[in-house]
Structures are given as C-alpha cells and as structure tokens.
Amino acid sequence: MQEEKIIIKDKRFRKFIEKSEIDNAVHKIAKRINADYEGKTPTFLVVLKGAMPFAADLIRYVNLPCELEVMSAKSYGTNISSSGEVKLADFGVKFAGKDIIIVEDIVDTGLTLKALYNNINVHNPASLAAAAILSKPDSREVEVDLKYTGIEIPPYFVVGYGLDYAEYGRNLPDIYILDN
Ligand code: 5GP
C-alpha cells in the first residue's frame with residue numbers, strides 16, 4: 001500500500017486516484033477498442049515517456065492482432081506547466097495505410113495531441129484516433145479529438161502512473177496531486 005502523502009524533490013503530493021480505479025478505466029478503454037477495431041489490426045503509437053505504463057496495461061487487455069510503435073513528444077516549459085512548444089520525433093514509423101491509435105498519458109492544453117495529429121495525418125494513415133488515461137477538459141487551449149478518455153480530472157498538476165515531476169514519480173502505481 002503506497003503512502004497517502006509523498007514528497008518528490010521540493011513538492012508535496014497527496015494520493016488522488018487509486019491504482020484499482022486506473023485499472024478499471026484502462027479496461028473500459030480496451031473493451032471499446034476491441035469492439036471498434038474488430039477485424040482490424042490497429043497500431044498503438046505510444047507517446048514517450050509518460051504513456052509507457054498506460055500502454056503496457058492497455059495492450060494486454062486488447063485481444064486483437066496489433067502493432068506497437070513509439071514516438072516522443074516533448075513540450076517545453078517549467079516542471080509543472082507546459083509552454084505550448086512541442087517537439088516530436090517519430091523514429092521512422094510507417095503510418096501510411098495503418099489504423100493508428102495514439103496512446104497518451106494526459107491531454108491538458110491539447111497542443112501536443114494536435115501536433116501529433118498534424119504530423120501523422122500527412123503520412124496518410126487509414127485512420128487516426130487517440131486514447132489518454134487522463135484528461136483535463138477545463139485546460140484545453142485547442143480543440144482535439146480524444147476518442148478514448150480514461151478519467152477526467154480538474155486542471156491540477158498530477159504525478160504517477162507514468163507522469164513525472166522533474167522526471168521523478170513515473171513509477172508510482174497510483175496518481176498523486178500537488179498538495180499545497
Ligand atoms: P498538452 O500539450 O495537452 O498541454 O500536454 C501534454 C503533455 O504535458 C502531457 O503528455 C504530459 O507530458 C504533460 N502534462 C500535462 N499535464 C500534466 C500533469 O498534470 N502532470 C504531468 N506530470 N505532466 C503533465
């Protein structure tokens with residue numbers, strides 16, 4: 001059992017979402033994907049690094065033949081807020097003709113997901129959709145199509161389950177919120 005309150009570097013966090021709730025949300029997304037992509041072979045495009053735990057859990061609930069690819073997206077800014085400038089690296093993934101499902105940790109302003117859509121769409125995938133374990137709908141700065149959302153949260157900074165504070169906390173099985 002993880003602590004209710006933790007300290008990472010100079011900040012205090014309190015437990016916000018339990019592992020079991022996260023697991024339920026992942027399972028629900030996988031069920032929808034299993035139904036929506038029946039007869040297809042989707043490619044899960046994991047956005048490094050934050051989406052790694054979510055992707056690892058998600059694909060094991062998916063019972064379709066599928067492919068796995070990774071891409072990196074970095075948005076620059078402070079440790080707890082993004083700047084809006086997104087740098088992508090796709091490691092030479094072939095998107096043409098594939099049913100791509102972007103796997104993200106969290107959608108906040110929507111700028112990263114929008115940049116991913118713009119970047120991938122020029123390569124003519126057969127279809128493009130996105131899944132995120134967390135979403136902060138009140139923080140959106142641009143409209144993005146997030147087909148599969150795990151859990152909606154208020155616009156506060158969170159860590160755990162892949163999400164970091166200054167690169168720490170990604171290994172926490174539960175999700176924690178900044179405790180002021
Ligand atoms: P967006 O471009 O939608 O504003 O943000 C996307 C990226 O910002 C996410 O993939 C994630 O890396 C980071 N991010 C947004 N909100 C949070 C948060 O609450 N905690 C952490 N650790 N990262 C966040």
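On a predicted model such as this, the values are computed, not experimentally measured, just so you know. Numbering of residues begins at 1 and proceeds along the displayed sequence. Ligands are counted one by one from 1 in listed order, and the atoms in each one are counted from 1 as well.
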inquiry  = I'd like to check the side-chain contact (heavy atoms from CB on, under 4.5 Å) partners of K28; sequence neighbours left out, ordered by chain and number.
reply    = none
key: Shortest non-hydrogen contact from K136 toward P155   = CD-CA, 3.9 Å
key: Part of Y156 with heavy atoms under 4.0 Å of ligand 1, whether side chain, backbone, both or neither   = backbone
message = Distance alone, cut at 3.5 Å: any donor-acceptor contact between the side chains of D179 and Y156?
response = no
note = Near T112 (heavy-atom distance under 4.0 Å), the atoms of ligand 1 are 1 (P), 2 (O), 5 (O), 6 (C)
remark   = side chain to side chain contact (heavy atoms under 4.5 Å, CB included) with M71: of V103, V46, L88, only one passes, and it is L88
Can you give each donor-acceptor pair under 3.5 Å made by side-chain atoms of residues 89-102, sequence neighbours left out, with the distance rounded to 0.1 Å?
{"residue": "D90", "atom": "OD1", "partner": "G92", "partner atom": "N", "Å": "3.0"}
{"residue": "K98", "atom": "NZ", "partner": "E67", "partner atom": "OE1", "Å": "2.9"}
{"residue": "D99", "atom": "OD1", "partner": "S127", "partner atom": "OG", "Å": "2.6"}

task = Tell me, please: is G110 in heavy-atom contact with ligand 1, that is, under 4.0 Å?
result = yes
query = What atoms in ligand 1 come closer than 4.0 Å to a heavy atom of E104?
reply = 10 (O)
message = If the threshold is 4.0 Å, N to carboxylate O, is there a salt bridge linking D174 and K15?
response = yes
message = I'd like to know if the side chain of T149 reaches the main chain of I151, judged simply by a donor and an acceptor atom lying under 3.5 Å from each other, with no hydrogens or angles considered.
response = no
task = Pick one of side chain, backbone, both or neither for how E141 approaches ligand 1, counting any non-hydrogen atom pair under 4.0 Å.
result = neither
query = At a 4.0 Å cut-off, with the gap strictly under it, does some heavy atom of I106 reach an atom of ligand 1?
reply = yes
query = Of the listed options (I175, D105, V86), which comes nearest to atom 12 (O) of ligand 1 when hydrogens are ignored and any heavy atom counts?
reply = D105
message = Give the atom numbers and elements of ligand 1 that come within less than 4.0 Å of a heavy atom of K136.
response = 16 (N), 17 (C), 18 (C), 19 (O)
remark   = Filtering D108, L163, L48 for the heavy atom nearest atom 15 (C) of ligand 1 leaves D108
remark   = The reported gap from CD1 in I59 to CG in L64 (rounded to nearest 0.5 angstrom) is 12.0 Å
task = For ligand 1, find out whether one of its N or O atoms is nearer than 3.5 Å to an N or O atom of T109.
result = yes
message = If you measure every N or O of V158 against every N or O of ligand 1, does any of those distances drop under 3.5 Å?
response = yes
